[in-house]
Structure formats: C-alpha cells, structure tokens
Amino acid sequence: MVSGNIFHCRKNSWPPQEYISKSTLQLFDYDSSAPPEQAWRRRLNSHANLLKEFRVTFMEAIKMVRLGIRIWSYVREEASHGRKAPIDPFTRESCKPSASQGVPLGGMGSGSISRGFRGEFRQWQIIPSLCEASPVMANQFSIFISREGGNKNFASVLAPGQHEGLGSSRKPDDQGISSWGWNLSGQHSTYHALFPRAWTVYDGEPDPELKISCRQISPFVPHNYRESSLPAAVFVYTLVNTGKERAKVSLLFTWANSIGGSSHLSGDHVNEPFKAEDGVSGVLLYHKTAKGNPPVTFAIAACETQNVNVSVLPSFGLSEGSSTTAKGMWSKMVKDGQFDQENFNSGPSMPSSPGETLCAAVAASMWVEPHGKCTVAFSLAWSSPKVKFVKGSTFNRRYTKFYGTSEKAAADLAHDALTHYNRWEEEIEKWQNPILKDETLPEWYKFTLFNELYFLVAGGTIWIDSPLLSSNMRNDQDRVRELENTVVKETEDKMSDRKRTVVERIMDSTCDSAVITGHDPADEKLSGDDDADVGRFLYLEGVEYIMWCTYDVHFYASFALLELFPKIELNIQRDFARAVLCEDGRKVKFLAEGNWGIRKVYGAVPHDLGTHDPWHEMNAYNIHDTSKWKDLNPKFVLQVYRDFATTGDLEFGVDVWPAVRAAMEYMEQFDRDGDGLIENDGFPDQTYDTWTVHGVSTYCGCLWLAALQAAAAMALDLGDREFAEKCKRKFLKAKPAFEEKLWNASSGLPPLFEDSKIKSALRKVYDFNVMKVKGGRMGAVNGMHPNGKVDETCMQSREVWTGVTYGLAATMILAGMEEEAFATAEGIFLAGWSEDGYGYWFQTPEAWTMDGHYRSLMYMRPLAIWGMQYAINRPKAILEAPKINIMDRIHLSPVIGGYSHNETGVRKIATKARCFNNSVFHCAC
C-alpha cells in the first residue's frame, strides 16, 4: 500500500456539498440515493465545449505525404468493398466530439450505449466497429407534477433545454420533440459519476418543493462472468416532497426505435407492449437493422408497486402523419399523468415506413405525501444476440448462454435488471469501498481509477459465447485436412526439417486446430464445467483505431482485466499464444514504404487479432510490417509471465509455454552484432509508430532484458531447465552491454538494475518530461531534450500519451517514488478530467499535444491506471519475489545436445496439475 497520506494537505476534489445543499443530501441519505463522497461531478448547465483534434505540422506533413496518399487509396479501396479501414484519418463524423460524455450503460461485450452527463443517450455501439456518436434526443426521462389545489403544476424533460441536439429553432406547430417542455435550466441539477454508477440530483427543479435523485446502475461486477455480460441498465428515481401539499408525480421514459445515426428512418421497425412477472411491464422495440446486420430488440420497462402505477404508450411518431404524435403524447401526460391501461392489449404495431420514426413510452405514476419519499425504478435492455463481422463470421454473444437468442430476451433482461439491481449494487460497493475509504490515496485518483474503466463497456467490446478450442479438435483429422487446403500455412510446414522438442511436437497438433481462415470457434464445444468457460473477448484499440485487442496497447491496459476479470485476461493471452504458432501467407501491402509482405509470420506476436474477421484474419494494422517490431514479442512474454505468476494458474502456463519459447527464439534474429541485445532497425518498429529508432534503445532494450528474465523464471517453474539456462546465458551477455537505462518491472521478478540507477532514471524523467511541461499539469511528454525543450522530431515525440503516463506512475510507485508517481498521473486528471481541463472525461484519448489537442478519443491504453493500483496493492507475486535475481537461481550446465530436460520437467508439471482438458499437453493423469 501507499506509505502514509502523502496528500494530506490537499482538500477533497469536489465534495458533494459544493454542488448540492446539505439539507438535500440529508434527505437522500438512505438507499444509495445520495451521491458518494468521491465522484466526478458536473452541473447540468455546464457548457459542453467542442474538442480540438491535433494537426500535423507542415514538416510532419511533408515527411508523411507518401504514407498519406497510400492510406487514402487504401481507405477508398476498403470502402468499395463496403468495409471501413482500421485507421481512417480522412473521414469525419457528422457529430463533432464535445465534452459531453458520461458513464456508459450495460455490461461488457453486448453492445453499448453511452449517456452524457446532461442526460442524453449517445455513442451507440451495437454493431461491431460502428460507433454512432450523435445523441438520439427522443430518448429522455421527463417529469409531470401536480399538487392538490391545482395551482402548482410542472412538466419538463429532465435535461437542460439549451442543448445542441435539439437544433436552433423550434416551431410552434411542431409535432415532434421540440413541442415538449424543455424547461430545465440545469443550474440546480448536478451529475455525479463513479463507474459503473452515476447519480443525477435535481435540487428543486423543475419543482422547488420536490427533490429528485436518479441513480443509474449497470451490471459491471468484477469476477462475475455472467451478469457483467448483460446488456441492461437500471434508473432508480427517489422523490422527496418537501412541500406541504400532496403531489402527484409521473415519470416518463421515452425511447426511439433506433440504434443511432439515421437508423430510425430505415423502416420496418415494430413496437409491442409486454407484461412480465413481479409487476414489471413495458414496451419491446424490434429494430430491423440495415445492410444485413443482425436485428436488435430494445426493452424499456418500469416496476409497479403498491404506490406506483405503470402504463405504456407502445408507439408514437415525431411527424404530423403519425396516429399519435410526440406532441399528442406530451399533452396526454400533462393532462392525465398516465396512459390508458388498454394499451397493454394493443399487440404489435404496424411496421414503420421508411422515413418515419417510431417511438415508445413508459410512464410510472405515484402520489408523494408531504415530507414523504417514493422510489420508482426503470430499466433499459437491448438484445442483439448475434455478432456478425463484415467478412462473414457470426457468433452468439456471451449473454445468450443465459438468455437464449430469442428476440424477446430483451424483456427478460429488463425484468431481471429490475429485480437484481440491489444485488449488483451490493457487489459493486463491496468491490469499491476498500479503495474509496483508503485515506492514503488522493481523492482524484480514487474516482478516476474507476471511471477510466468506462472503456471496458464503451470501447467497442465484444464478448462471445464461444470457448477456446477444445482438445477434442486435436484428433479431428478431417478438420485438419480441410484446413490444410487454406492459404494459411501451419507450423508443421515451417518446421518440418527442424529438430523439435517434445513441447513443440505436441504444440504442432494444437496449431493444426488453431483459429484460422474458414473456421468458426462457435462450432466447437468446451470440455469442462461452465465456470471455466468464460467465452472469448475483444476490445478495440480505440473507437477511431478499429483493431481488436491491439497487443502493444493491451500491454498497458491489461492490468485492469487481470485485476477484475482474470479469466478474460488469460483467454486473451491464449488467443495470442495460438496466433504466435501460426502463419498466414496471404500478401499484404505495408503503407509506410509501399512494400509487400505476408500477413502473419510464424513466431511473431500479431499486432492485433484483426478487424473484419477477428481470430481468422489477424494484423489488420498494415502501416508497418509488425513482424519486424521489437516490442511485441517481449511484451507477450512479460504479460504471460505476469499473468502466470499473479494467478498461479499452472494450466495456463503449460498452455502458453510453447508460444513463449517460439516468441523468444524469434527475437534472436534482431541481435545483429551478437552482443545479446536486440537492435532497432531504423524505422518505427515499435508502438511509437511514427518515431524512428536506430540500434539499441532504452525502450526495446529494457523490454528484451526483462523478457529474458521472465522467460527464464517461467521455464524454471515449468521444469524446462535447458531453456532457462539458455535465457540466462543471453542475459549475462546482454546486460553488461546495456548502459544505464529506464527499468521496466515484471511481476514476481527482482529489478534489472540497482535501486539507485532506477530512481536516478525516473527522477530525470520526472524533472524533465513531467515538470517541464506546464508545471506537471499535462502528464509526461514522450520526448524531451537535455536542454528542457520538447522533442519535436515527429508527431509522437511531442505528444503526451495518457496511458504511458499512468504506466510511468506505476513504475515510480514500484520504485518507492509515490509522491512523484501521483503528481505525474495527476497531470492526466487535470488536463483530461478536471473542470479546468480540456473535456476528455469518459473519452480519454491516446494522446494530446502541448495545447491540449487530442489524437484518437476513447482509447484503450488509459486503462493503465490500473497498473498503478497493481503496484499499490503489490500482489503476492511481487511481495514474494526472490530477493536475488532469478538468473542467480539458474546454475549453468555444460552445453549438450538434446532436450531431455524439457520432456521430463514440463510433463511433470502437467501431471501434478489438475486434468488439463484444454492444455497443449495430452493429459497424463
């Protein structure tokens, strides 16, 4: 843990009392309706400024003009086939990004919808790789209040009336949503975010005598691999009547049959009311998607209680020709505060016509006594059971394992959300409270740590109900023969005339069954119990860089998954381990130089798992030939060993060990001068892919030395002593050739360098890259000259990378430099999340420049803040790390031929562990 309270002099960031009156907070001080002490906060009338995107300099543009032409040509070629290029710097969204985001809705991997801090539903990601940023303004909560005596009536949408999504003009005779009561100023209303929950408190508006709290809850529950996959959210309204008169209050939830953009106009959409058990009722909205994408069904619902009456309007339109218009619906609510109960018997609506918008509404009405309280809960669910990728592969989403693939599953999801949300909250609070109550941690860090997790929902995540390939495939010779006819060449072709270890021979049979072109993992069944089957998981590098599980970035982000959903993290590593041992010989043009190569080289860790056909067609990134990158393979070895040491999962270690060996052996070709160190090759051959490096570099050199140490430690644990000795020999040769460089930590391993050298290097980075940039209020700039001037060699050298800054802070914590660590990371908070910053909350970009202009919003790497928490908690793997270097535990033996150590040692480990149904080894139990 952090030693002492190093921020004891700083006041709490945005205590709730600065936003909500103390008396109102006391009224909500029960049933979680009051916002927490630590949360990110905004007033609803805050201006959502437009965000500014970075621009390359004139000299950078000159250097990259040929690359730009090739990318332009590639983007057009992909568009001609109906596909979006993974990186498209030319196409701009119609909705300009703004500082308006909030906590997204739903669990992971089932499509996501974000909700801005002012209440709008936006950032629609239901279809893989497609993000519709514009808000659908018909989707709103509204309130209608009348008091006995009839002299105090209020009707208002619970969102500020001055909103860019409404347009600039409102016609008096408009039949659409501009006819509604957009009366809320937002001056006395506040938003409080602590992912996966958010609170909106209306402190006396629109009715000065009615206090309202809306609590938004999503099923993001660490280590719960069932409910965390559910596409559902709950909105719990708590009403407190401070007046002397009884108040009749009706809350209204309206929803358009849309998945964002112009999808509501495509036609053939149908709405239908439903009644479920436990008083849950609402409307199903069946959405027919365009371009052959799988259909989507929404459900909006509320829970009827003794004091709460629920009614529905299954369909209304936004234009004059609709049988019931938005204006007519609003008038009905103003007059009656509810809809007719006969509407539940109306059945499915007529399919909408092209150009027509079909909407639905659910109303919950109640009486609130003077000084009384009332609670009502609404739910939203969406069911898109099939995931279809552009090149044809289709899978079932994870939640269908529990709810099936019926279009009516949305009603069950909405029902269960309303009946289970209390349990979700209990588990969420149990998870978060130890961190929130830790007085040694700065306030900004506590809520930013949780809020950065938004990306695991809103980062285009896909979670499918498809297990890793089972061992049963190994003996499926028909399948093997079929796969041999594809263009993908397997390991056996590569190694036929090579002397191979027992481990490699066994892995060959596994690689025959690997995920390659034409094979659908959904066809296979997993052996073992359901708890072991957590499906397969994808998340984007960013919503602007649409590549799945980009590995050099996952290196930073993976700490969040390892801490919260370790089984998902291990399965991602298994996917990459399988990819290492396969080769795809299809030709690819690399855009930086215009040269050609093959898509996937045996032994190289792929840059990503693909875009339009993930698992089957990897390396969607085609700017450089990443088989020549120097950081991917060491990062793979370091992550695998960290995960192996942290989880203690022997089966995982045995599964991935052949890939670890192959990845290390692949790197030997990059030691050009025989000194044991890998060299960079004079082009951007690592994650900084516009920044050229020559020869030995601090970044890749440290990764390589750490990977040698990690591979040796893992080999020793698995009984592969000969490979451990091989790594030690290389390490002993490489380290003396390596000058004092920045240390990179590995789980369960001692430092590569002396403490004094580590702290000296980190101190230099802190003094220059952090503190010489806006006084430390921006994060750490990537490049800095010894004279204190920012390195402007290229675009990336002059950028601050948010995730790298968090990673640097984590390293500082491990080195005992806690104050510098939190000061470094706080720069990201100040620039990205604070009221005085640039407005990047819930859309943290990959990078920003010195003037705060962003590159690539909603990016994976900022999840690296969980690397800081990993360093703070110091898991067992670190606390029990050997006090001496792992290399000193490996005694070198005379170099002899053969691989007898491998066969005996690794098989012994496999036999001691439980039966490895999915191991690369045949079980010898």
Side-chain angles (χ1 to χ4, degrees), residues 7 9-22 24-25 35-53 96-104 114-120 122 159-160 162-164 184-195 197-203 205 216 436 441-454 773-779 800 802 805-806 822-845 848-854 857-858 862 865:
F7 286 88
C9 294
R10 300 189 182 184
K11 77 178 187 69
N12 291 356
S13 298
W14 313 331
Q17 294 82 358
E18 292 186 4
Y19 287 75
I20 308 170
S21 66
K22 187 175 181 180
T24 299
L25 283 173
E37 284 293 321
Q38 292 91 15
W40 179 89
R41 312 185 200 280
R42 278 295 178 277
R43 297 190 189 280
L44 264 62
N45 66 344
S46 298
H47 176 61
N49 58 287
L50 293 178
L51 305 180
K52 297 180 179 179
E53 189 172 9
K96 293 183 178 180
S98 63
S100 56
Q101 298 290 356
V103 174
S114 290
R115 194 173 185 222
F117 73 87
R118 295 176 300 182
E120 71 277 15
R122 60 190 311 139
Q162 303 302 320
H163 196 290
E164 67 272 10
L184 199 79
S185 72
Q187 181 179 356
H188 301 291
S189 301
T190 52
Y191 181 82
H192 312 258
L194 187 65
F195 179 90
R197 296 189 293 174
W199 292 254
T200 305
V201 177
Y202 306 86
D203 194 359
E205 55 176 337
Q216 172 187 312
L436 296 175
L441 298 173
E443 297 297 314
W444 67 265
Y445 170 79
K446 297 177 187 179
F447 57 79
T448 307
L449 177 72
F450 293 114
N451 285 338
E452 287 284 19
L453 290 171
Y454 84 92
V773 179
K774 302 289 180 70
R777 298 178 64 85
M778 292 283 289
V800 172
T802 54
T805 299
Y806 286 143
F822 283 106
T824 296
E826 189 177 23
I828 302 301
F829 166 76
L830 292 172
W833 289 81
S834 74
E835 284 189 281
D836 299 326
Y838 298 107
Y840 297 130
W841 44 83
F842 299 102
Q843 52 188 331
T844 314
W848 51 64
T849 56
M850 296 302 98
D851 52 7
H853 293 188
Y854 74 88
L857 289 173
M858 300 184 75
I865 193 172

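As the structure is a computational prediction, the values presented were derived from the model and not from experiment.
Contact detail for Ser46 and Arg43: the closest heavy-atom pair is OG-O, 2.8 Å. In this structure, Leu184 and Ala159 approach most closely via the heavy-atom pair CB-O, 3.5 Å. Between Glu205 and Gln187, the shortest heavy-atom contact is OE2-N, 3.3 Å. Nearest approach of Ala198 to Tyr191, heavy atoms of both residues: CB-OH, 3.5 Å. Closest non-hydrogen pair, Thr844 versus Pro862, comes out as CG2-CG, 3.7 Å.
A distance of 9.5 Å separates OG1 of Thr190 from OH of Tyr202, quoted to the nearest 0.5 Å. If you take CD1 on Ile865 and CZ on Phe450, they are separated by 10.0 Å, rounding to the nearest 0.5 Å. Here the straight-line distance linking atom CZ of Phe117 with atom CZ of Arg41 works out to 15.0 Å at 0.5 Å rounding. Of the inter-residue distances, the one linking His192 atom NE2 with Arg42 atom CZ reads 11.5 Å to the nearest 0.5 angstrom. Summarising the geometry, atom NZ belonging to Lys52 is positioned 5.0 Å from atom NE2 belonging to His853; distances are rounded to the nearest 0.5 Å. Asp203 contributes atom CG, which lies 8.0 Å from atom OG of Ser189 (distance to the nearest 0.5 angstrom).
In terms of modelled atom types and a separation under 3.5 Å, the side chain of Gln216 and the main chain of Val103 share a donor-acceptor contact. In terms of modelled atom types and a separation under 3.5 Å, the side chain of Glu120 and the main chain of Ser114 share no donor-acceptor contact.
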Item to check | Test side-chain contact (heavy atoms from CB on, under 4.5 Å) applied to Arg122 and Ser98, step by step | outcome: CA-CA 12 Å; Arg122 60 190 311 139; Ser98 63; 4.2 Å; yes
(request) Would you sort out whether Tyr838 and Leu51 count as a side-chain contact (heavy atoms from CB on, under 4.5 Å), showing the intermediate values? (result) CA-CA 7 Å; Tyr838 298 107; Leu51 305 180; 5.8 Å; no
Report the C-alpha distance between Leu441 and Leu449 in whole Å, list the side-chain angles of each, state the deciding distance to 0.1 Å, and finish with yes or no for side-chain contact (heavy atoms from CB on, under 4.5 Å). CA-CA 11 Å; Leu441 298 173; Leu449 177 72; over 6 Å; no
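Considering Tyr445, Phe842, Phe447, Phe195 in turn, Phe842 is the only one that fulfils the ring-ring contact (aromatic ring centres under 6.0 Å, His included) rule with Trp40.
Below 30°, between 30° and 60°, or above 60°: for Trp444 and Phe829 the angle between ring planes is below 30°, a parallel geometry.
Looking only at atom types and distance, the side chain of Thr805 has no donor-acceptor partner in the side chain of Thr802 under 3.5 Å away. Side-chain contact annotation: Glu452 with Tyr806, donor-acceptor N/O pair under 3.5 Å present. No side-chain donor-acceptor contact under 3.5 Å links Asp836 and Ser834.
A 4.5 Å side-chain heavy-atom check between Trp833 and Asn451 finds at least one atom pair inside the cut-off. Put simply, the side chain of Leu436 does not reach to within 4.5 Å of the side chain of Glu37, judged on heavy atoms. Within the 4.5 Å cutoff, the side chain of Ser100 has heavy atoms near those of the Arg118 side chain. No side-chain heavy atom of Lys774 sits less than 4.5 Å from a side-chain heavy atom of Leu830. A heavy-atom distance below 4.5 Å is found between the side chains of Trp848 and Met778. Looking only at side-chain heavy atoms (C-beta outward), Met850 and Val773 come within less than 4.5 Å of each other. Looking at heavy atoms from C-beta onward, Asn45 lies out of side-chain contact with Pro160 at the 4.5 angstrom threshold. Leu194 is listed as a side-chain neighbour of Trp199, based on a closest heavy-atom distance under 4.5 Å.
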